[in-house]
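Before any comments, here is the structure.
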Amino acid sequence: MSLTSQPITEHAVSSAIVALCQFIKELFPGQEFIPLHEPRFVGNERKYVLDAIDSTYVSSVGKYVDQFEAMIRDYTGARYAVATVNGTAALHMALLLAGVNRNELVITQPFSFIATCNAISYVGASPLFVDINKSTLGLSADVLSDFLKNQTEFRAGNTYHRETGKRIAACVPMHTFGHPAEIEQIINSCREYAIPVIEDAAESLGSTFGGKQTGTFGLLGTYSFNGNKTITSGGGGMIVTDDEKLGKMAKHLTTQAKVPHRWDFVHDHIGFNYRLPNLNAAMACAQLEQLNQFISNKRELTQQYKKYFERETAFKLIQEPAGARSNYWLNAVLCPNRSHRDALLAYSNDHGVMTRPAWQLMHRLDMFKDCPRTDLPVAEWIEERLVNIPSSVRVNG
Ligand SMILES: *Cc1c(COP(=O)(O)O)cnc(C)c1O
């Protein structure tokens, strides 16, 4: 991808950095410090949280948990929704439900938040890294399909990785920064190889591809409601699926696998205490009521960034892929190279504008450095250049 037709001089870049920070300050007027993404509590949050306290139902049973799950089903169109303590727990459960076992492999992207790989490790499996697509920043459908064709073997209904002999038990694409990945092609490839897809939609609640909500394409999908996400419950997550057996099992396993009984304690699996507390669900309901407004507010902010970067070509704004509608959770720009990226990070963070580099690529971390992988030139190219810029819902925007 060429960012500009001519090489950019050092001076042009440093004045571009100063101008960008000035522009961001104008987008968020009256703020001494501009965070990357701060939550907004401008709806019924206080009312519902106080109501939850008054009801005495503050833990994992209560009307807000049921209401939040019903609202997510309505919003996403998924048939089953099970609330969890956080998005990482939701991913852990989804991997168990998809039938991932110890010593198996799970295809995912090296460019993601650590939670994806951590959850894969909780079930005793290892990530298998496949490169990302330069425009979606999610798993590359082409690299995936090439990999499956050339490096795996199909036996008795399962796909095995030739080099390690291990079964490929699932594929977890992630919708990076809210931008939908090439989800239909990924699902089609995986279907051919009988590999279940779990969408890590932690960042993309409300983003759609071909009009369908991210998180609802795969066998299972997961969301996060951490404080830095588009809407928050303080901490929280959700598992969604259309599969009745998996939906019921998700609820059962996250509730200590307790067999319903009026008084007896009977448990039929090793279960987890992963249910979302009612107190958090109360906040979540109030936030979800505002999700569509938040997304249009964020999309308006992106329009302003877009206009700005049409003139300021030292940086390239990441935009939603064709056919997709992004929630624009976090805006991101690509710098011409690593040293310009570092200059932007240093200057902005020194001047009250919070920016962050991409995550360190998973295959470079000690825990995952020996995991199998394809060549990862795009992930490495992106990691050298990408910077996230302030993206909060604007109160007066
Ligand atoms: C936020 C996030 C999660 C889940 O995070 P929690 O903090 O556990 O809710 C998972 N994957 C990705 C890509 C995320 O950004």
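First listed ligand is number 1; within each ligand, the first listed atom is number 1.
- Each of Val353, Leu344, Thr355 was checked for a side-chain contact (heavy atoms from CB on, under 4.5 Å) with Leu20, and the lone residue meeting it is Leu344.
- Residue contacts with ligand 1: Ser112 is placed with no nitrogen or oxygen under 3.5 Å of a nitrogen or oxygen of the ligand (distance criterion only).
- Atom 1 (C) of ligand 1 has as its closest protein heavy atom Lys229 NZ, 1.5 Å.
- Residues Arg311 and Tyr308 are in side-chain contact: their nearest non-hydrogen atoms beyond the backbone lie under 4.5 Å apart.
- With Phe217 as the aromatic partner, Lys212 meets the cation-pi criteria of under 6.0 angstrom to the ring centre and within 45 degrees of the ring axis.
- Close N/O approach between Leu91 and ligand 1 is not found [any backbone or side-chain N/O within under 3.5 Å].
- Under the salt bridge (Lys or Arg N to Asp or Glu O under 4.0 Å) test applied with Glu380, the options Arg364, Lys134, Arg385 reduce to a single match, Arg364.
- Using a 4.0 Å cut-off between heavy atoms, Thr88 contacts ligand 1 through both its backbone and its side chain.
- In this structure, the protein non-hydrogen atom closest to atom 15 (O) of ligand 1 is Glu203 OE2, 2.5 Å.
- Residues Phe68 and Tyr48 place their aromatic rings such that the two centres sit no closer than 6.0 Å.
- Counting only heavy atoms of the protein, atom 3 (C) of ligand 1 lies nearest to Ala202 CB, 3.5 Å.
- Listed by atom number, the atoms of ligand 1 under 4.0 Å from Phe113 heavy atoms are 2 (C), 12 (C), 13 (C), 14 (C), 15 (O).
- Taking the six-membered ring for Trp and the full ring otherwise, the centers of Tyr223 and His175 sit at least 6.0 Å from each other.
- For ligand 1, the atoms lying closer than 4.0 Å to a non-hydrogen atom of Met174 are 13 (C).
- Between Phe177 and His179, the ring planes lie perpendicular to each other; the angle is over 60°, past the 30° to 60° tilted range.
- Annotation for ligand 1: atoms under 4.0 Å from non-hydrogen atoms of Asp200 are 10 (C), 11 (N), 12 (C), 13 (C).
- The shortest N or O to N or O distance between Trp329 and ligand 1 is not below 3.5 Å.
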